[in-house]
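What follows is a set of notes on a single structure, which appears directly below.
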Amino acid sequence: MPVVVKLTPKKEVTVEGGKTAEKIFEELGLGKDIIAAKLNGKLIDLTDIILEGTLEPVSIHSKDGIEILRHSAAHLLAHAVSELYPDAKPTIGPPVEDPPGFYYDIEMPPISSDDLKKIEEKMREISNRNYKIEKMVLKKEELLQMFRDNPFKSELIKEEVEDGGKSTAYKQGNYVEFCTGPHVPSTGYIKAFKLLNVSTAFWRGKEDNPKLIRIYGTAFPTKEELEQYLNMVEEAKKRDHRKIGAELDLFIMRPEYGPAFPIYTPKGAIIRNELIDYMRELNAKAGYEEVWTPHAFRTTLWEKSGHMSHYRENMFLMELENEEYGMKPMNCPGHILIFQRKAWSYREMPARYSEFGTVYRYERSGVTNGLLRVRSLTQDDGHAFVRIDQIDQEVGKLIDMIQEVYYKTFGIKELRFKLSTRDENNREKYAGSDEVWAVATTKLKEVLESRGLAYEIKEGEAAFYGPKIDVDVRDAIGRYWQLSTIQLDFFMPDENHFDLKYVDENNQYHHPVMIHRAIYGTLDRFMGIIIEHFAGAFPLWLSPVQVRILTVGENAVPYANQVFGKLKGEGIRVDLDTSTNTISKKIRNAHDEKIPYVLILGEKEVSQNKVSVRDRKMRQKNLVNIEEFIGKVKEEISTRALEISFCETK
RNA sequence: GCCACCGUAGCUCAGUCGGCAGAGCGGCUGACUUGUAAUCAGCAGGUCGGGAGUUCAAUUCUCCCCGGUGGCUCCA
């Protein structure tokens, strides 16, 4: 029977079937980098016999090929562990796309980083033995017999293989894996790999299940690619906001007095305040009225809002004069009190309140992280109280706002939109009627789709009070963090909670829907993300010091003072370095501090009443008029330009 | 909270197989008065995260605690 072999998307040949994919490719003269095949679009092993269909070679350099390589590398890891620790019980070990690599969860005694080296050596040894990786097709009973000593694999076989059905296992040397494959042809294909770290995980992610050792590693088709990746990781570590935050003196932590309570220094506070000013402008444009609410309330409020029953473990609570108080973990109940102060007409909806509200959440000790996960956090919070027919328009405006902020103003392109819906099998966990959920979820979906945004649906991740759209952004080392959020809430406005109302044109009362939203998410996490995004080289409007004046020789000092005063008078954040350091040293310091522009003032500038401008990208424009420079700088600041461009030569 | 690793000067890090604690940068002082990515010299700076134990002697070994990092879990 004929097999159509697609050599490239355009080039096809037809060959006779009935032999292995490997044989077919070999006869067509394909190289050794072919490690698997695709039959009618499905990945298979080279050793599979092909009868008919469309067959494509899968190169180790392709996306599929690399995934197979990493999957096989995970097996190699489990194989090595099994040789070194005969009692170890491998569970699952998948490839991971982001960050690129793989892991394997194994039940075994805890290991150290020295052990990791040993395991890696053993992997190399097994790779060099170049075992053939052989596929075995086995009946369910045979598989259960084969893995009878491994309760994890047995559980998987019971679940995944039908009674009376068959599945596959792969054998390399004495090591056998229950796995559907495909895999590289032999262990010798896995050459460029490295084990990265060890942690723990729970079987199937449940805290009460057995604890497993998770070993992370990565693998690439070539040693060069592996090296390149490891270098990239090293480079990324230099952008870590904790490192840059200390170097540029933006914030400090004093864990002995307040673990995960960030303290913002003068320079960091400038960035925070610039971020606030910008968002304040956007909020005002979007119809939000800024409010302010206290940092603590009696727990009577938190009981009414449901926080005492749903969020108590994360709250800072205190008792005073026999009354219990709680630091606010969220701003919404405060905003609800503001909404409740008067009667509302349908004509006045939506009502919108915003607040840069600092909230306090007791996060478990192992989860905090620099500015990215803290216990005191300031949200660019806002609540819109809307009629149900206004949901889509309101959400649409927020999506536009998110896009403007991230794409345009900050140049952050890699956003991950998530639509979190309720778990349809557990409806009782959620508040509100089926109809309302259906309408709200559909509306959110439509808003995303009408804007052509790719999004992931996260079933079961909705808040109990309503579905939501979240936006995640990556940090320097590739972890995703949630920043923006748009949450629909039918719960707090209802009659069992705050019983919020507006009256319609027929004099009927309705509950408004609450939209909880934050664009940055929190100033803290957002600052962490942009520090890494810009690697500390902020756009001019955000830079704590926008211009530094450097003098060459003491004769230039009076003139430098004059220029300094002029820039300061224009509202530019400027400082002055008249130290006796060499000009080289002053430039180096400014560069290390990522100061956008430096003015170099020496004899020439003094005598001609000009300035020489050098930017942090080492571009320079000599002897220009001060006014010209000031004009351009002010323009870059007021337009919140992403790039510094004064020294650009066209 | 769980597991592994880590904690030495403001920062980056060396060091002690148990015997008076080191460097570079930064800071201070002085000299130099400088033209595009580190001028030279001197000085100061440490309860070696905290507590307990073993020891003639602990920064080093043991235990407990605190904190950090990476994961896991959690994340209204």
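Labels below follow one simple rule: chain letters A, B, ... track the order of the sequence lines, proteins then strands, and each chain is numbered from 1. Heavy-atom basis, side chains included; hydrogens, waters and symmetry copies ignored.
For the P atoms, the distance from B/A9 to B/G15 is 15 Å, rounded to whole Å. Comparing B/A31 with B/G46, their P atoms are spaced 27 Å from each other, to the whole Å. To the nearest whole angstrom, the two P atoms, one in B/U8 and one in B/C3, are 24 Å apart. Rounded to the nearest Å, the gap between the C1' atom of B/G18 and that of B/G53 is 15 Å. One C1' atom belongs to B/G7, the other to B/G49, and the distance between them is 6 Å to the nearest Å. One P atom belongs to B/A14, the other to B/G27, and the distance between them is 24 Å to the nearest Å. For B/U69 and B/U33, the P atoms lie 48 Å apart once the distance is rounded to whole Å. Rounded to whole Å, the separation between the C1' atoms of B/A21 and B/G45 comes to 13 Å.
Taken together, the paired segments of RNA chain B that extend over three or more consecutive Watson-Crick or G-U pairs, each closer than 3.5 Å at both contacts, are B:1-7 with B:66-72, B:10-13 with B:22-25, B:27-31 with B:39-43, B:49-53 with B:61-65.
Look at CZ on A/R254: it is 20 Å from P on B/G7, rounded to the nearest Å. Rounded to an integer number of Å, the gap from NZ of A/K211 to P of B/G71 is 19 Å. Distance A/K621 NZ to B/G35 P: 25 Å, rounded to the nearest Å. Per the geometry, CE belonging to A/M618 stands 9 Å off P belonging to B/A37, to the nearest Å. At whole-Å resolution of the value, CZ in A/R525 and P in B/C75 are 14 Å apart. Taking atom CD on A/E256 and atom P on B/G50, their separation rounds to 12 Å, with Å as the unit. The distance between atom CZ of A/R242 and atom C1' of B/C11, rounded to the nearest whole Å, is 17 Å. What separates CD1 of A/I213 from P of B/C5 is a distance of 10 Å, to the nearest Å.
Within 4.0 Å (heavy atoms only), A/A201 reaches sugar-phosphate atoms of the nucleic acid but no base atom. Counting non-hydrogen atoms under 4.0 angstrom, A/R479 reaches the backbone sugars and phosphates but no base. No engagement by A/K586 is indicated, since no non-hydrogen atom pair under 4.0 Å with the nucleic acid exists. Contact annotation for A/E363: no contact, since no heavy-atom pair falls under 4.0 Å across all strands. Residue contacts for A/E313: at a heavy-atom cut-off of 4.0 Å it reaches no nucleic acid atom on any strand shown. Within 4.0 Å of A/H307, counting heavy atoms only, lies at least one base atom of the nucleic acid. Using a 4.0 Å heavy-atom cutoff across all strands shown, A/Y216 reaches sugar-phosphate atoms only and no base atom. Among the heavy atoms of the strands lying under 4.0 Å from A/I583 are primed sugar atoms or P, OP1, OP2 only; no base atom is included. Contacts of A/M253 with the nucleic acid, taken as non-hydrogen atoms under 4.0 Å apart, are absent.
Contacts between residues 367-384 of chain A and RNA chain B, defined by a heavy-atom separation below 4.0 Å, involve A/V367, A/T368, A/N369, A/G370, A/R373, listed by number.
For A/E605 and B/G35, a side-chain-to-base donor-acceptor distance below 3.5 Å is present, hydrogens and geometry of angles not being considered. Scanning atom types as modelled, no donor and acceptor separated by under 3.5 angstrom connect the side chain of A/R588 and the base of B/U36.
Nearer to the 5' terminus of RNA chain B, by closest-nucleotide assignment, is the contact made by A/N197 (compared with the other of A/K468 and A/N197). Comparing A/L601 and A/Q487 by the nucleotide of RNA chain B whose heavy atom lies nearest to each, the residue mapping closer to the 5' end is A/L601.
The ring-ring contact (aromatic ring centres under 6.0 Å, His included) contacts involving residues 465-486 of chain A comprise A/Y465-A/H516, where partners must be two or more places apart or lie in separate chains. Under the salt bridge (charged side-chain N to carboxylate O under 4.0 Å, His left out) criterion, the residue pairs touching residues 326-338 of chain A are A/K328-A/E355, with sequence neighbours excluded. The stretch residues 543-558 of chain A participates, sequence neighbours left out, in these salt bridge (charged side-chain N to carboxylate O under 4.0 Å, His left out) pairs: A/R548-A/D575, A/R548-A/E593. Note on residues 372-382 of chain A: pairs passing salt bridge (charged side-chain N to carboxylate O under 4.0 Å, His left out), not counting sequence neighbours, are A/E363-A/R373.
Residues passing the side chain to side chain donor-acceptor pair (under 3.5 Å) test with A/K443: none are found, sequence neighbours excluded. Partners of A/F251 by ring pair (Phe, Tyr, Trp, His ring centres under 6.0 Å), not counting sequence neighbours: none found. Remark: A/E313 pairs with no residue by the salt bridge (charged side-chain N to carboxylate O under 4.0 Å, His left out) rule, at least two apart or across chains. Judged as a side chain to side chain contact (heavy atoms under 4.5 Å, CB included), and not counting sequence neighbours, the contacts of A/L623 are A/K604, A/E605, A/Q608, A/K610, A/S612. With sequence neighbours left out, the side chain to side chain donor-acceptor pair (under 3.5 Å) criterion links A/R416 to A/D472.
A donor-acceptor pair under 3.5 Å is absent between the side-chain atoms of A/R361 and the main chain of A/N314, judged by distance alone.
Checked by atom type, the side-chain pair A/D489/A/Q487 shows no donor-acceptor distance below 3.5 Å.
Ranking B/G71, B/U34, B/C74 by closeness to the A/R364 side chain, first place goes to B/C74. Listed nucleotides B/U69, B/G68, B/G71 differ in distance to A/R214; the shortest reach to its side chain belongs to B/G71. Comparing B/G70, B/U39, B/G35 against the side chain of A/N581 picks out B/U39 as the nearest. In this structure, of B/G70, B/G35, B/G68, it is B/G68 that holds the atom nearest to the side chain of A/P255. For A/I587, whose side chain is taken as the heavy atoms from C-beta onward, the closest listed nucleotide among B/C72, B/G35, B/U36 is B/U36.
Closest of all the heavy-atom pairs between A/L84 and A/K118 is CD1-O, 4.0 Å.
Ring-centre distance between A/Y597 and A/F629: below the 6.0 Å cut-off.
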Full working for side chain to side chain donor-acceptor pair (under 3.5 Å) between A/K594 and A/S543: CA-CA 9 Å; A/K594 319 244 197 259; A/S543 293; over 6 Å; no
From CA spacing to verdict: side-chain contact (heavy atoms from CB on, under 4.5 Å), A/S645, A/K632: CA-CA 9 Å; A/S645 56; A/K632 180 70 182 169; 3.4 Å; yes
Heavy-atom protein contacts under 4.0 Å, nucleotides 25-33 of chain B, coded B base, S sugar-phosphate only, - none: -S-----BB
